[in-house]
Number of protein chains: 2
Amino acid sequence: MIRVLVADDHPVVREGLITMLELEDDIEVVARAADGEEAVMMARREHPDITLLDVQMPVLDGIEALRRIRADDPEARVIVLTTYRNEDYIFPSLRAGARGYLLKDSSREELAGAIRAVAAGESLLDPEMVDAARDDAGLTAREFEVLRLMADGHNNAQIATALFVSENTVKTHVSNIFAKLDCRDRAAAVLQAWKRHLI
Amino acid sequence: MIRVLVADDHPVVREGLITMLELEDDIEVVARAADGEEAVMMARREHPDITLLDVQMPVLDGIEALRRIRADDPEARVIVLTTYRNEDYIFPSLRAGARGYLLKDSSREELAGAIRAVAAGESLLDPEMVDAARDDAGLTAREFEVLRLMADGHNNAQIATALFVSENTVKTHVSNIFAKLDCRDRAAAVLQAWKRHLI
DNA sequence: TCCGCCATCACCCGTTGGGGTGATCTTCTT
DNA sequence: AAGAAGATCACCCCAACGGGTGATGGCGGA
C-alpha cells in the first residue's frame, strides 16, 4: 500500500485528487493539507511514501514546503503538481528535491502511474512539461539575456552597458530576437516571450 | 433535486467537483463533459437545472459553449468556473448569459450555495472576482482599447486608423497609459498589463 | 579541414516613439 | 452653474528604434 499525503489549497482539486487516488487499490490517502505549513506538519507526522504538493499554496508555497519536508526527511519522495504550463517551477522543484513534476490535468492513470513510479524509486516528469521547458524558440543564451533586459524596460543603450558590449551588438541581437519570435517590435516580442514562458 | 451538468477538461477538477456536489443531498450530477462541444451536447440531451462550465476548455471554449447552450435553451442557467483571477472573462461570460461566476478554489459550501442561489433564480459573482475586476489601474475604456492594440504589435499610426482618431490622440493615450502603469515604453507597459491581467 | 553558428561591431537610412504644453468639446457630478 | 474628467487634436523636438548590409573572430561538429 502506497501511503500518500495530498496538499493543495483548492478544495475542489484536493477532493478530486483524493477521490481519484482512492479508486486505486494500492494507494491510500493518509493525510491532506490545505497549505504549505500544514503539508510540512502532516509529512512530519505521517511520514507518507509520497507527498503530492501543489506549487501555488498560501502561507508557505509548494517549493518552500518541499525544501522543509526534505530537510526533515531526506528520503521523502515528493511529486510537485502545477496547474500552469509554466516551466519556471521545474528547475527550482528539482533542485529542492522533487522526484516528480506533473500537470494537474493529468489523467487518473498518469497520476497513479507517477505515484507508483516515484514510490518505486524512479523520477518522473510530465512529458508536456519537458517539451515546454524545451521551447526556447531557438534563442541563444545571449539573446535570452537581451530579451530579459528588454522586458525590464531597458533600451538598447542600457542593455549594451549591462552586457559590456556595443549598442550595435545589442541591436543585432534584438533584430535576431524579432526574427525568431516573429515580431516587429519589442512590445510584441516581450509579450510573446512572456506568454511562451521564455522569460 | 437540482440536476447539474459538470463540464471541465481537467479530470482532477471534474472529479473533485462531482465528488463535492454528490455530498449535497439536494444536488445530483446528471452528466459530465470534458470539452465545450461535449458540454453543449450533454446540455441539449439532459436539460440540467445548472451547468457548471470551465472557461478554459479544448475544442470549444467555455464562453462559446455557453453561447450555444443559451441559444439552444434561453432558460438554461450556467455558472462559469475559472482557475485564474482573470477578470477578462467576467463580462464576456455575463454578456453570454452566465448566471454565476466562481473561482475554482471555492469551498464546497460556496459552490453548493452558488448552485442553489442560481437554481433559485439569483445571480452570483465571486466577491474576489468582483474585486479583481476592479483592478483597472485607473485606465479608461479608451486607454484599454489602445493598450490591447499595442499588445498586438500595432504602432501608433495603425492604432489611430483602427480607432478612427488621429495619431496625436493615440500618442496622448499612450503617454497616459505609461504614466498610469508607471512605465517608460510600450514593451514594459504591455508586459505589465499582461501580468496584471489588464489585457 | 572546412562549414556553420554565434557573438561582436560598424555604418547608413528613414521611421517611430515618447515628452512637453496647450487647447477644445462633451459628459457627468456636485 | 461650476468643476472635474475624459476624449480629441495640434505642434515641436530629439532620442530611440528597426532594417539592411557587411565584416571579423572563435568555437564546435561533420
Side-chain angles (χ1 to χ4, degrees), chain A residues 133-199, chain B residues 87-88 90-91 130-131 133-199:
Chain A
R134 288 220 182 99
D135 176 20
D136 59 3
L139 296 182
T140 68
R142 201 53 158 170
E143 285 160 359
F144 271 106
E145 296 183 74
V146 173
L147 185 56
R148 273 184 273 269
L149 289 164
M150 266 203 287
D152 284 337
H154 296 97
N155 62 29
N156 292 337
Q158 292 170 322
I159 296 173
T161 305
L163 298 183
F164 305 107
V165 296
S166 81
E167 198 177 328
N168 290 306
T169 301
V170 174
K171 290 177 70 171
T172 304
H173 288 315
V174 170
S175 288
N176 292 333
I177 291 169
F178 289 165
K180 290 179 183 178
L181 295 186
D182 192 28
C183 295
R184 271 159 296 96
D185 63 68
R186 15 187 92 210
V190 163
L191 183 56
Q192 173 81 0
W194 179 265
K195 285 183 180 175
R196 289 172 67 174
H197 308 297
L198 301 175
I199 50 175
Chain B
E87 72 279 17
D88 280 357
I90 287 191
F91 298 110
V130 177
D131 287 345
R134 289 216 181 102
D135 175 22
D136 57 3
L139 296 181
T140 68
R142 201 53 158 170
E143 285 160 359
F144 271 107
E145 296 183 74
V146 173
L147 185 56
R148 273 184 271 270
L149 289 165
M150 265 203 286
D152 283 337
H154 297 97
N155 62 28
N156 292 338
Q158 292 170 324
I159 297 173
T161 305
L163 299 183
F164 305 106
V165 296
S166 80
E167 199 178 328
N168 288 307
T169 300
V170 174
K171 290 178 73 171
T172 303
H173 288 315
V174 170
S175 288
N176 291 333
I177 291 169
F178 289 166
K180 290 179 183 178
L181 295 186
D182 193 28
C183 295
R184 271 156 290 97
D185 63 66
R186 21 186 88 209
V190 163
L191 183 56
Q192 174 80 0
W194 180 265
K195 286 183 180 175
R196 290 173 67 174
H197 307 297
L198 301 175
I199 52 176

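All values reported here derive from a predicted model rather than from experimental measurement.
The side chain of B/Lys171 lies closest to C/dG18, out of C/dG18, C/dT8, D/dC17. In this structure, of C/dG19, D/dG18, D/dC9, it is C/dG19 that holds the atom nearest to the side chain of B/Ser175.
An OP1 or OP2 oxygen of C/dG17 is reached within less than 4.0 angstrom by a side-chain nitrogen or oxygen of B/Asn156. Remark: A/His173 is not in phosphate contact with C/dC9, judged by side-chain N or O atoms under 4.0 Å from OP1 or OP2. Not one side-chain nitrogen or oxygen of B/Arg184 sits closer than 4.0 Å to the OP1 or OP2 atom of C/dG17. For the OP1/OP2 pair of C/dC6 and a distance below 4.0 Å, the side-chain nitrogens and oxygens of A/Arg142 include no atom meeting the criterion.
Between the CD atom of A/Glu145 and the C1' atom of C/dT8 there is a distance of 14 Å, given to the nearest Å. Rounded to an integer number of Å, the gap from B/Ile159 CD1 to D/dA7 P is 15 Å. Spacing between atom CG of B/Asn176 and atom P of D/dA5 amounts to 13 Å, rounded to whole angstrom units. Protein atom CG of A/Asn168 is 16 Å distant from nucleotide atom P of D/dG20, rounded to whole Å. Protein atom CZ of B/Phe144 is 11 Å distant from nucleotide atom P of D/dA7, rounded to whole Å. Atom CG of A/Leu181 and atom C1' of D/dG18 are 15 Å apart (whole Å). Between B/Gln158 atom CD and C/dT15 atom P the separation is 15 Å, expressed in whole Å. Atom-to-atom, CZ of A/Phe178 to P of D/dC17 comes out at 9 Å; the value is rounded to the nearest Å.
Side-chain atoms of B/Asn156 and B/Arg186 include a donor-acceptor pair closer than 3.5 Å. A side-chain N or O of A/Ser166 and one of A/Thr169 form a donor-acceptor pair less than 3.5 Å apart.
At distances below 3.5 Å, at least one donor-acceptor pair connects side-chain atoms of B/Lys180 with backbone N or O atoms of B/Gly138. Between the side chain of A/Glu143 and the main chain of A/Thr140, a donor-acceptor pair closer than 3.5 Å is present. Counting only distance, with no hydrogens or angles, the side chain of B/Asp152 and the backbone of B/His154 share no donor-acceptor pair below 3.5 Å.
Residue-to-nucleotide contacts include no donor-acceptor pair under 3.5 Å from the side chain of A/Thr140 to the base of C/dC5.
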Heteroatom pairs (N/O) under 3.5 angstrom, protein to nucleotides 25-30 of chain D:
none

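Contact annotation for B/Thr169: base contact, defined as any heavy-atom pair under 4.0 Å involving a base atom. Using a 4.0 Å heavy-atom distance criterion, B/Asn155 is classed as a sugar-phosphate-only contact.
Remark: B/Leu163 CG to B/His173 NE2 distance equals 7.5 Å, nearest 0.5 Å.
Nearest-nucleotide positions on DNA chain D place B/Phe164 closer to the 5' end than the other of A/Ala157 and B/Phe164. Each of B/Asp185 and A/Leu163 has a nearest nucleotide on DNA chain C; the 5'-most of these lies closest to A/Leu163. When each of B/Thr172 and B/Glu167 is assigned the nucleotide of DNA chain C with its nearest heavy atom, B/Glu167 is the one assigned upstream, toward the 5' end.
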Assess whether side chain to side chain contact (heavy atoms under 4.5 Å, CB included) is satisfied between A/Ile159 and A/Met150, documenting all intermediate values. CA-CA 8 Å; A/Ile159 296 173; A/Met150 266 203 287; 3.9 Å; yes
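Between A/Glu145 and A/Arg148 there is no salt bridge, since no side-chain N of the basic residue sits under 4.0 Å from a carboxylate O of the acidic one.
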